[in-house]
Amino acid sequence: MMERFYSYNRFLKEYFGEKIYKICLDGGFTCPNRDGTLSTGGCIFCSEGGSGEYSENAALSIPEQLSIGKKQTAAKYQGQKYIAYFQAFTNTYGPVKRLRSLYEQAIAPEEIVGLAIGTRPDCLSPDILDLLEEFNQRKPVFLEMGLQTCHDKSARFLNRGYETGVFTDAVRACAQRGIRTTAHLILGLPGESREMLLETIDYINSLPIGGVKLSMLYILKNTKLAKIYETNPFPVFTLESYVDCLIDCIEHLRPDIVIERITGDGPGNLLIAPQWSLHKRYVLNTINKELKRRDSFQGKHWNPRPILME
């Protein structure tokens, strides 16, 4: 069966030689976009859990969280290797001493073969990059950063808190140190056209980046976005329009970039819209059927250009 895009499962099997499972951790971090350093509200789409609803309890130690995570995956994962994934909030936002301690605890077990860290590109000072480079020489470090869009006007609407040039510099700095990066992108932002979205894909193609996570815009309770949606409703994707837009992005994406996610999965108890996104298996099946029907594949309409390292 033809694989129509470079999937995360394939990447992990190529990289580690076998299927790997992630264990989501909560290091008790906050975010400069929440604690008053940049803002107190955070990104308007971000939930109270800082996108860490599937992480363990931050009140537990890292070894305890790892132990629970392994037990929870035992029914569906029979392997013995894991990636420790700091997911909630900004996981490089703190003193180097504290970061070192948390990362050390996470990679200490032999069965932990990699370290994934969700963060912001404006929270990667030279000393933190030095720390990440050091850990990357011991076990692979995979850095994830929320870009959402390359358009600064859209980013200001989202209250992202940094200009796109900051993301550009962070990806290049990581690449120079051998650290793999992944960009989070949101499809369907209010005010963004299809052409604008494909400009974000072109921007990603120009960078020395390893992966992308793609999601539709979804609206969660108790967020600023929910208040905007309630008072001034804006259109959100239908399943059909999302699949159509997603495939356009896949067709324009550089073939070597790993697509680590192709749909969003907001918590059911918080999700306002779109409700169809809760039916993840059906959504994935619909995407795969449409890829086949259109004879689509990653990079079908990619325009090869040099990757800008500096």
Side-chain angles (χ1 to χ4, degrees), residues 5-8 11 33 38 43-46 51 90 92 117-124 129 142-218 237 241-264 296-310:
F5 62 88
Y6 192 179
S7 70
Y8 193 47
F11 165 73
N33 211 15
L38 292 174
C43 296
I44 64 172
F45 57 82
C46 194
S51 301
T90 303
T92 60
I117 300 170
T119 190
R120 294 170 56 91
D122 54 354
C123 292
L124 293 171
L129 286 169
F142 305 132
L143 209 62
E144 299 186 16
M145 295 183 285
L147 173 67
Q148 320 314 346
T149 175
C150 76
H151 299 283
D152 285 327
K153 182 178 179 181
S154 299
R156 286 190 286 273
F157 168 74
L158 297 176
N159 195 39
R160 191 177 67 184
Y162 68 84
E163 299 291 299
T164 295
V166 176
F167 185 90
T168 305
D169 292 343
V171 170
R172 291 173 180 167
C174 288
Q176 289 168 359
R177 295 168 181 262
I179 300 168
R180 183 182 182 276
T181 52
T182 294
H184 291 216
L185 304 180
I186 296 179
L187 284 60
L189 294 176
E192 284 210 354
S193 64
R194 185 73 60 93
E195 289 71 28
M196 291 174 71
L197 179 54
L198 292 180
E199 285 170 4
T200 293
I201 297 297
D202 284 343
Y203 166 73
I204 290 295
N205 287 338
S206 74
L207 295 175
I209 206 162
V212 293
K213 286 188 170 182
L214 304 173
S215 171
M216 79 294 292
L217 178 69
Y218 55 80
F237 279 124
S241 62
Y242 176 67
V243 172
D244 184 51
C245 185
L246 172 73
I247 291 176
D248 275 355
C249 292
I250 291 173
E251 289 181 340
H252 286 82
L253 188 68
R254 205 174 74 222
D256 66 289
I257 295 176
V258 181
I259 300 179
E260 301 182 19
R261 182 178 67 199
I262 57 174
T263 183
S296 294
F297 54 88
Q298 185 174 342
K300 183 177 182 178
H301 299 307
W302 166 58
N303 182 14
R305 295 174 186 168
I307 296 174
L308 303 177
M309 295 293 292
E310 58 182 38

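Residue indices begin at 1 and follow the sequence shown. The shown structure was predicted, so the numbers you read here are calculated from the model rather than taken from an experiment.
- At distances below 3.5 Å, not a single donor-acceptor pair connects side-chain atoms of His151 with backbone N or O atoms of Glu192.
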Problem set entry | Test log, rule side chain to side chain contact (heavy atoms under 4.5 Å, CB included), inputs Thr181 and Leu207 | CA-CA 10 Å; Thr181 52; Leu207 295 175; over 6 Å; no
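- Met196 places a side-chain heavy atom less than 4.5 Å from the side chain of Ser154.
- At distances below 3.5 Å, at least one donor-acceptor pair connects side-chain atoms of Arg254 with backbone N or O atoms of Ile209.
- Gln298 places a side-chain N or O within donor-acceptor distance of the main-chain N or O of Ile257, the cut-off being under 3.5 Å.
- A donor-acceptor contact shorter than 3.5 Å is absent between the side chain of Asn205 and the backbone of Arg305.
- Among residues two or more places apart in sequence or in another chain, the ring-ring contact (aromatic ring centres under 6.0 Å, His included) test is passed with His184 by none.
- Residues passing the side-chain hydrogen bond (donor to acceptor under 3.5 Å, both in side chains) test with Ser215: none are found, sequence neighbours excluded.
- By the side-chain hydrogen bond (donor to acceptor under 3.5 Å, both in side chains) test, Thr92 is found to be paired with Thr119, residues two or more places apart in sequence or in another chain being considered.
- The salt bridge (charged side-chain N to carboxylate O under 4.0 Å, His left out) test applied to Arg177 returns Asp130, Glu133, not counting sequence neighbours.
- Tyr203 is linked by a side-chain hydrogen bond (donor to acceptor under 3.5 Å, both in side chains) to Thr168, counting only residues two or more places apart in sequence or in another chain.
- Between Ala155 and Thr149, the shortest heavy-atom contact is N-CG2, 4.0 Å.
- Residues passing the ring-ring contact (aromatic ring centres under 6.0 Å, His included) test with Phe11, sequence neighbours excluded: Tyr15.
- Among residues at least two apart or in separate chains, salt bridge (charged side-chain N to carboxylate O under 4.0 Å, His left out) pairs with a member in residues 195-217 are Glu144-Lys213.
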For this session: Take Ile262 and Phe5 through the test side chain to side chain contact (heavy atoms under 4.5 Å, CB included) and record every step on the way to the result.
Result: CA-CA 10 Å; Ile262 57 174; Phe5 62 88; 3.9 Å; yes
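- For the side chain to side chain contact (heavy atoms under 4.5 Å, CB included) test, residues two or more places apart in sequence or in another chain that qualify with Cys245 are Leu187, Arg194, Leu197, Phe237.
- Pro190 meets the side chain to side chain contact (heavy atoms under 4.5 Å, CB included) test with Phe157, Leu217, Phe234; sequence neighbours excluded.
- Sorted by first then second residue, the salt bridge (charged side-chain N to carboxylate O under 4.0 Å, His left out) pairs that include residues 179-191, not counting sequence neighbours, are Arg180-Glu260.
- Residues passing the side-chain hydrogen bond (donor to acceptor under 3.5 Å, both in side chains) test with Arg120 are Asp122, sequence neighbours excluded.
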Problem set entry | Working for side chain to side chain contact (heavy atoms under 4.5 Å, CB included), residues Ile204 and Leu147 | CA-CA 10 Å; Ile204 290 295; Leu147 173 67; 3.8 Å; yes
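- Scored by the side chain to side chain contact (heavy atoms under 4.5 Å, CB included) test, Val243 finds Leu239, Ile247, Thr286, Ile287, Glu290 as partners (sequence neighbours excluded).
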